[in-house]
2 protein chains.
Amino acid sequence: MTRKDIHNSDVPELCRACEARHRGVCGALSADELLELSRHTKRVEVAAGTVVISEEEPIESYANVLSGVIKLSKVMEDGRQQIVGLKFAPDLLGRPFREVSGVTAEAATSSKLCMFSKAALERSVKNSHDMTNQLHQQALRELDDAREWMLTLGRKTAYEKVASFLRLIAVASDPEREDGHNEATFQLPLTRSEMADFLGLTIETVSRQMTALRKSGVIEMETTQTVRVPDLARLHLASGF
Amino acid sequence: MTRKDIHNSDVPELCRACEARHRGVCGALSADELLELSRHTKRVEVAAGTVVISEEEPIESYANVLSGVIKLSKVMEDGRQQIVGLKFAPDLLGRPFREVSGVTAEAATSSKLCMFSKAALERSVKNSHDMTNQLHQQALRELDDAREWMLTLGRKTAYEKVASFLRLIAVASDPEREDGHNEATFQLPLTRSEMADFLGLTIETVSRQMTALRKSGVIEMETTQTVRVPDLARLHLASGF
DNA sequence: CGACCGTTTGACGCAACTCAACTTCGGTGG
DNA sequence: CCACCGAAGTTGAGTTGCGTCAAACGGTCG
C-alpha cells in the first residue's frame, strides 16, 4: 500500500504543472493512467494560423489546449466561412467516435498543445469511467455554448453581436474573476476578419460596431487588439440583456 | 443460463414496439435494466404547443421522443426567439448533469413521449456503461447539428436558409431513404413563424422564399404544410452547395 | 523610406425587415 | 348550410441595417 501511494504521487514530469490535470480531462486519470497516457504524448507549440485538424481529413490525434486560443470553423464551397467555436485551455480538441471532425481547428494565437494519438486516448477512455464522463461533460458544455451562440447569430443586431463577443472573451480571459470586480482588460485573440467570421458579419461592420462601442463608452482601446471594459454590467446590457 | 435467456427475452410490454430500443438510448440496456427503468416510466401524448421543459426551471424528468417533433428554443428578455434544435424520435430530451436545461422544449406537433424521472435515468447511467456512451453519442450528434446550423445562421442567404430547413426535414422524415430515391414528400412540422424562429428570419421572408422555391420548381406544395421535392439534388444545391 | 497588411471610415446599394392589406382555411354558432 | 370569426399565410410598398466598393490611415518589416 505504501508503495502504491508513492507510486500514485509520481505524476509524470510533463503533466506536473499542467492545467488540464486540474480543470481538464486529465484530471480524471490516476497517476498510473496519466503515466501511461503521457508516454504517447507530445508537447508542441504552434504559431498563429497553423491548422491542427482539417475539416475533411481523417483524425489521427487529439490534443489538449495548454495555452492560446484555437478556433473551430466550417467553410462553404464558395469560401464563405463561419467560426463555430473557440477553444481555450484546458479544452480538448478532437471529435471522439468519428473518422473526420467536420470542423477545421486552427490556432488563432500562438498556442501550446499536448497531443496524443487517437489510440492512446481511446485506451484511456476504455480504462477510466471518469475519463468518459469528462469527455461527455465537455461535449455538453460545447453544446450549451453552441446553442447560446445560435441565439446570437440568429437574433442579435451587429452591435449586440460584437458586444457579446467581447463579453465572451472577457469571461474566458479571466475565469476566476470575483463578482464585485466589475472591470476587465484583455487582448483580443482574433483579428477583425476572424471576429467577422465568428459573428456572421463583415470586417467593416465589426469595425464600425467597435467604434460605436468605443464612442458610447462601453469599451476603451489602447491598440486595435487591447480592450478595456470599465463596466462589465454595461457590456452585458449592450450584448442584448 | 437457460432461465437467464428466457428472462432476457422478457422485454417489458411497454418497450416492445418502441423505436428507442433499436435506434435510441434504450438500446444500450439489457432486458433486466429495461425492466427496471420501465417501472419508472410514463407514456404521455402531448398536443402541439405543450411546454415539456422550460428554460429556467429545474429539470425533474427526462423523456424519449416516440413520435412527433419537439422544438428546443431560447428567448431573449425582449421576446426575440431562436429555435436551437429539433428533436425527432428516438432522441432523448433533457440535459444530463445540470439542474436547469437552459432551453425550452415545446411540442411542435402533437407528440408521444416516454417520460422517466431524473433519478431513474441516472441509476441506469450508473449501471450501464453503454448507456453513458449512448448519451455521449447523442450529445456529440447534437453538437454536430448545432455547428452545422451555426453556418446556416451566420453565412447563408434567406433563400438558402429556407432550402436548408426543407432539406433537414426531408432527411428527418425519411431516415432510411435509399440513395437512388431522389424525391420526397412530407408535412412541415413547423408553422411559418416557427420556421422564421429557426432560421433567424421573419415570417414574411420565409413565406417569400417558399414562393421563390416554388416558382423556381425546387418544391411543389399541396397545402401550406405539404411539400413535395421532385429532385433532392436541386434542393441540395439551393441550400448552398 | 516604401511596401504591405490590418484596420478604419465614407458613400452607396441591396437583402431582409417593417407595416399593412388581402387571401385562405378551419372552426363555431346562428 | 352558410355566415362569421380568428389564426395562419401571402403579397406589396417603403424603410433600414448591414454588405459592397473604395479610399485613407497607421503599424511593421525588409
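Throughout, a chain's letter reflects where its sequence line sits, starting with A, and its residues are numbered from 1. Atom set for the values below is all heavy atoms of this structure, side chains included, hydrogens, waters and symmetry mates excluded.
Ring geometry for Phe241(B) versus His236(B): interplanar angle under 30°, hence parallel rather than tilted (30 to 60°).
At a threshold of 4.0 angstrom between heavy atoms, the contacts of Thr223(B) with the nucleic acid are absent. Residue contacts for Gln225(B): at a heavy-atom cut-off of 4.0 Å it reaches the sugar-phosphate backbone alone, with no base atom in range.
With the nearest nucleotide of DNA chain C identified for both Thr202(B) and Glu204(A), Glu204(A) has the one nearer the 5' end.
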Before you tell me yes or no, could you show the steps for Lys87(B) and Glu142(B) under salt bridge (charged side-chain N to carboxylate O under 4.0 Å, His left out), namely the whole-Å CA-CA distance, both residues' side-chain angles and the distance that decides it to 0.1 Å? CA-CA 9 Å; Lys87(B) 301 276 204 167; Glu142(B) 290 184 52; 2.7 Å; yes
Working for salt bridge (charged side-chain N to carboxylate O under 4.0 Å, His left out), residues Glu183(A) and Arg228(A): CA-CA 8 Å; Glu183(A) 176 218 3; Arg228(A) 201 179 89 85; 2.3 Å; yes
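In this structure, Arg208(B) atom CZ and dC14(C) atom C1' are separated by 14 Å, rounded to whole Å. Distance Ile203(A) CD1 to dT9(C) P: 15 Å, rounded to the nearest Å. Rounded to an integer number of Å, the gap from Gln209(B) CD to dA16(C) P is 6 Å. Protein atom CE of Met195(A) is 13 Å distant from nucleotide atom C1' of dG6(C), rounded to whole Å. In this structure, CE of Met221(A) is placed 16 Å from P of dG6(C), rounded to the nearest angstrom. If you take CD of Glu160(B) and P of dA15(C), they are 12 Å apart, rounded to a whole angstrom. Atom CG of Leu188(A) and atom C1' of dT7(C) are 13 Å apart (whole Å).
With distances taken from any side-chain atom of Thr224(A) to the nucleotides dA16(C), dT8(C), dA11(C), the minimum falls on dT8(C).
The footprint of chain B on DNA chain D, defined by a heavy-atom cutoff below 4.0 Å, extends from dG9(D) to dA13(D).
A salt bridge does not link Arg80(B) with Asp197(B): every distance from a Lys NZ or Arg NE/NH1/NH2 to an Asp or Glu carboxylate oxygen is 4.0 Å or more. For the pair Arg214(A) and Glu220(A), the salt-bridge criterion is not met [side-chain N within less than 4.0 Å of a carboxylate O]. Taking the charged nitrogens against the carboxylate oxygens, Arg95(A) and Asp144(B) do have a contact shorter than 4.0 Å, which makes a salt bridge.
In terms of phosphate contacts, Thr191(A) brings no side-chain nitrogen or oxygen within less than 4.0 Å of OP1 or OP2 of dG6(C). The phosphate of dT8(C) has OP1 or OP2 within less than 4.0 Å of a side-chain N or O from Arg192(A).
The 12-atom threshold is exceeded at NZ of Lys118(A), counting heavy atoms of other residues, nucleotides or ligands nearer than 6.0 Å.
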